[in-house]
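Computation of the quantities below employed the complete heavy-atom set of this structure, encompassing side-chain atoms and omitting hydrogens, waters and symmetry-equivalent molecules.
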2 protein chains.
Amino acid sequence: MNAADTRQRILMTAMELFWEKGYLSTSVADILSRSQVHSGSLYHFFPGKQDVLVGVLELYRDGIDAMLLAPNWDGVDDPIDKVFALLAGYRTHLIVTDCTYGCPIGSLALEIHEPDPVVRELMAANFSNWSAAIAGCFEAAADRLPKDTDRKALGEFVLTVMEGAVMQARTYRDIGYFDRNIAVLRDYITILLATEKSANFA
Amino acid sequence: MNAADTRQRILMTAMELFWEKGYLSTSVADILSRSQVHSGSLYHFFPGKQDVLVGVLELYRDGIDAMLLAPNWDGVDDPIDKVFALLAGYRTHLIVTDCTYGCPIGSLALEIHEPDPVVRELMAANFSNWSAAIAGCFEAAADRLPKDTDRKALGEFVLTVMEGAVMQARTYRDIGYFDRNIAVLRDYITILLATEKSANFA
DNA sequence: TGCTTGGTTGAATGTTCAATCAACTCATCT
DNA sequence: AGATGAGTTGATTGAACATTCAACCAAGCA
């Protein structure tokens, strides 16, 4: 096994574990045993546990298109459909994990109360990429929305609804909470699409 | 100091610390030193650290009216105004803490990945009380909303938006993310209020 | 052949943690 | 007075923790 392999295996394993158990509840020993790497090797590549987290957040940031958007948007052309296709991806995740898992970035954001600036900015960058992708959908459908619609704010709002909906489904262990939240969001967006382009709700 | 005092001081201190640092990052020693209680006394009242968390969650659950709703709804009569008055209370919290703190229940919900059933159900009960209070506002304003509006789902949606908006403001350390999210929610509710009662968006 | 360099090994370190417990205090009751 | 028991004290325990380090290995090059 060469160096790139070891580093990569550490990051992939840490990504899994942080998602399953959270960052604080994942020990370096957990990462070592699951990845079959010895402590010295891990500390050869990463100064400390937090730097592994930084590496994982960079993987998420750089992989949003290939890992998240592309799989969910395969075969979906309409930009509004893309918004709900992405949300449906989160629904699938909840279903296959019996409503136990959630958005890894959102979990980290609430789990780490006093994050290092590097970590906090990487979490923010992940959020920004996510909501910018959604805002791009609304941009592509701008001619079907009220013309004063703030597409960027709407992208942030969809992120908000996803995070809140996942949080509730997870807490109640009941997908109904996710579905009802998304249904309300769909109602809102349907209203926007049905609104005369000249209407102004500001 | 009598027994009730000691128990109460432990719970109040733990409530503070869990809010400031989170549950996992708060050590029993932290609770002991800030509350000026000795370890034996804490373990006299609580079998373990998790039972302190249970006590704190019970305080939140039983105190939602006196601690959360009453202060924010003082002098506010209109039920729709109450919804946004409560959200304004969270905004104030963010402002006075420089966007570092968040909803204590939401943080716990994402921080503890495999919660004990007792803990999980208490978190769910807290969410239920919160969204039921908001749903009650929509119920009180039912005659101003489209008649097929699912008021319970709308209460859950407001909780979702609050949690997501707080999460983003906290992650970016920027109140703008909270404000824009609430503005979008306000837009939606304004539309609902402006809709003919006979309209049907189902 | 021997040197250098990047990577590996895993026992050891020092710290922090939740939890324990035997000894104590003191108000209340008989 | 003597007994009872709820409550307190704080040193102690053992596990878990992130991190270190000296020894080691192997590929590439002089």
What is the distance from [atom1] of [X] to [atom2] of [N], rounded to the nearest Å?
X	N	atom1	atom2	result
A:Tyr43	D:dC17	OH	C1'	9 Å
B:Lys49	D:dA15	NZ	P	19 Å
B:Asp51	C:dA19	CG	C1'	12 Å
A:Leu42	D:dT20	CG	P	12 Å
A:Leu17	D:dC17	CG	C1'	16 Å
B:Phe46	D:dT8	CZ	C1'	15 Å
A:Arg7	C:dG6	CZ	P	16 Å
B:Lys21	C:dT16	NZ	P	12 Å

Check this one for me: any side-chain N or O of [X] less than 4.0 Å away from OP1 or OP2 of [N]?
X	N	answer
A:Thr6	C:dT8	yes
B:His44	D:dT8	no
B:His38	D:dG10	yes

Can the positive tip of [X] be found less than 6.0 Å from the middle of the six-membered ring of [Y], inside 45° of the ring normal?
X	Y	answer
A:Arg186	A:Tyr188	no
A:Arg180	A:Tyr177	yes
A:Lys82	A:Phe138	no

For A:Ser25, report the nucleic acid contact type (base, sugar-phosphate, nothing); a contact means any heavy atom under 4.0 Å.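 Nothing, no nucleic acid heavy atom in range.
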Side chain A:Ser39 and base C:dA11 donor-acceptor under 3.5 Å: yes
Upstream residue (5' side of DNA chain D) when B:Gly40 and A:Leu32 are each assigned their closest nucleotide: B:Gly40
First of A:Val28 and A:Ser41 reached from the 5' end of DNA chain D, by closest nucleotide: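 Looking at the nearest nucleotide for each, A:Val28 comes out on the 5' side.
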Closer than 3.5 angstrom, by distance alone: can the side chain of A:Glu163 be matched with the main-chain N or O of A:Cys103 as a donor-acceptor pair? no
Salt bridge between A:Lys21 and B:Glu114, side-chain N to carboxylate O under 4.0 Å? no
